[in-house]
Amino acid sequence: GTYSGGASRFDGKKFTTLDTSSGLPSNNVNMIMEDSKGNIWFVTFGSGVCRYDGMNFTTFTTHDGLPTNYQQTVFEDSRVNLWFGSFENGVSRYDGKSFTTFTTEQGLANNTINSIEEDREGNIWLATQGGGVSRLDTQLLISNGKSGEVATGHEMMFTNLTTRQGLSNDLVNSITKDQHENLWFGTMEGVSCYHGKALSHFSSDQGLPEDLVICIGEDTSGNIWLGTSANGLIQYDGKN
């Protein structure tokens, strides 16, 4: 996914470009994800989201129920719902028929969402731009045939994790879940690992070459990889 150049597909030998002339709604592509049905989703900054089935593009914008066309990220949960994190307009769940949006009005810590993950209980975790991490308790989502209405009143659906609870920094760039079900948060001031009850913190004080962590991944051997702003990649094997 590129900025102003559309999307490039590599088949192992050559690149093929998909852009507005191919059917993409925008050439600014923030993220790409393949869903469980084999569709490719393109998240754009300014033109909503787009589904590609291998032949046709279907675009979803504010006219279809998205709160904004400026989208940042996408995630598919275990119930096959799609979650779209936006810029300044919260997170939207798509159940295949319609969108349901959650914002600070329902207890979300911040309306700009950078990354999304799901824990073993099916709760949705959201990395926010300045509000820390929000966990959406999916058990409080009321399913009554209206595409999933939300709990109202005094029952807040979100639990927020911030520096007050030990998070490294409230500006969280990324979330990933490792094979032990631990959640890793990449922040502006190092990395926090949530074990379900407590947070561990890693920063330059523990040997990181840089505190600004942009993305996190885990390989098949269980190593955690951290992508930094200006100091390359860091591999953590659990000890060093």
Side-chain angles (χ1 to χ4, degrees), residues 1 10 12 30-36 41 43 72-83 85 91 108-110 112-139 158-240:
F10 183 60
N30 277 347
M31 188 175 179
I32 304 171
M33 185 202 74
E34 182 180 13
D35 67 21
S36 56
W41 288 84
V43 177
Q72 305 245 91
T73 186
V74 59
F75 177 80
E76 184 180 37
D77 67 21
S78 57
R79 298 174 179 85
V80 202
N81 296 305
L82 294 178
W83 296 81
V91 62
L108 182 63
N110 185 282
T112 295
I113 308 299
N114 293 328
S115 183
I116 307 172
E117 186 56 270
E118 180 181 18
D119 65 21
R120 70 173 75 190
E121 284 82 27
N123 299 310
I124 301 299
W125 291 74
L126 306 162
T128 78
Q129 188 86 1
V133 179
S134 289
R135 182 187 66 196
L136 174 60
D137 188 344
T138 53
Q139 297 302 315
F158 289 94
T159 301
N160 297 320
L161 198 65
T162 68
T163 52
R164 294 181 179 181
Q165 289 77 41
L167 190 66
S168 301
N169 187 275
D170 287 340
L171 200 161
V172 185
N173 295 312
S174 59
I175 306 176
T176 196
K177 180 175 65 176
D178 68 22
Q179 58 189 356
H180 303 294
E181 301 290 334
N182 300 310
L183 292 170
W184 293 78
F185 309 117
T187 80
M188 295 290 289
E189 295 186 71
V191 178
S192 294
C193 180
Y194 183 65
H195 310 283
K197 294 182 179 180
L199 282 161
S200 298
H201 175 67
F202 303 90
S203 68
S204 53
D205 294 335
Q206 285 76 41
L208 292 186
E210 183 186 347
D211 285 339
L212 204 171
V213 176
I214 297 174
C215 54
I216 308 176
E218 183 189 30
D219 63 28
T220 54
S221 300
N223 297 304
I224 300 297
W225 291 83
L226 312 173
T228 72
S229 170
N231 283 278
L233 285 165
I234 304 166
Q235 182 196 54
Y236 178 60
D237 63 5
K239 296 180 180 179
N240 303 296

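This is a predicted model, so every value here is computed, not measured.
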Would you give the length of the straight line joining atom [atom1] of [X] to atom [atom2] of [Y], rounded to the nearest 0.5 angstrom?
| X | Y | atom1 | atom2 | answer |
| --- | --- | --- | --- | --- |
| Trp184 | Thr176 | CH2 | OG1 | 10.0 Å |
| Glu121 | Asp119 | CD | CG | 5.0 Å |
| Ser203 | Met188 | OG | CE | 14.0 Å |
| Trp225 | Ile216 | CH2 | CD1 | 14.0 Å |
| Asp170 | Leu161 | CG | CG | 9.0 Å |

Within the structure provided, determine whether [X] and [Y] are in side-chain contact (heavy-atom separation under 4.5 Å).
| X | Y | answer |
| --- | --- | --- |
| Ile224 | Val191 | no |
| Thr138 | Ile124 | yes |
| Trp125 | Phe75 | no |
| Glu118 | Asn123 | no |
| Ile234 | Leu208 | yes |

task = Starting from the C-alpha separation in whole Å, work towards a yes-or-no answer on side-chain contact (heavy atoms from CB on, under 4.5 Å) for Glu218 and Asn223.
result = CA-CA 6 Å; Glu218 183 189 30; Asn223 297 304; over 6 Å; no
Using atom types as modelled and distance alone, determine if a side-chain donor or acceptor of [X] lies under 3.5 Å from a backbone N or O of [Y].
| X | Y | value |
| --- | --- | --- |
| Asn173 | Val213 | yes |
| Asn114 | Gln72 | no |
| Glu117 | Lys177 | yes |
| Thr73 | Ser115 | no |
| Thr162 | Gly132 | no |

With [X] via side-chain contact (heavy atoms from CB on, under 4.5 Å) - residues at least two apart:
| X | result |
| --- | --- |
| Val91 | Trp83, Phe102, Ile113, Ile116, Leu126 |
| Ser192 | Leu167, Ser168, Phe185, Leu199, His201 |
| Glu210 | Leu212, Thr228, Ser229, Ala230, Asn231 |

ask   = So, for Gly227 and Leu233, which heavy atoms are closest and what is the spacing to 0.1 Å?
value =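 Heavy-atom minimum between the residues: CA-CD2, 4.0 Å.
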ask   = Are Thr163 and Glu189 close enough, and set up right, to give a side-chain contact (heavy atoms from CB on, under 4.5 Å), and what steps lead you there?
value = CA-CA 11 Å; Thr163 52; Glu189 295 186 71; over 6 Å; no
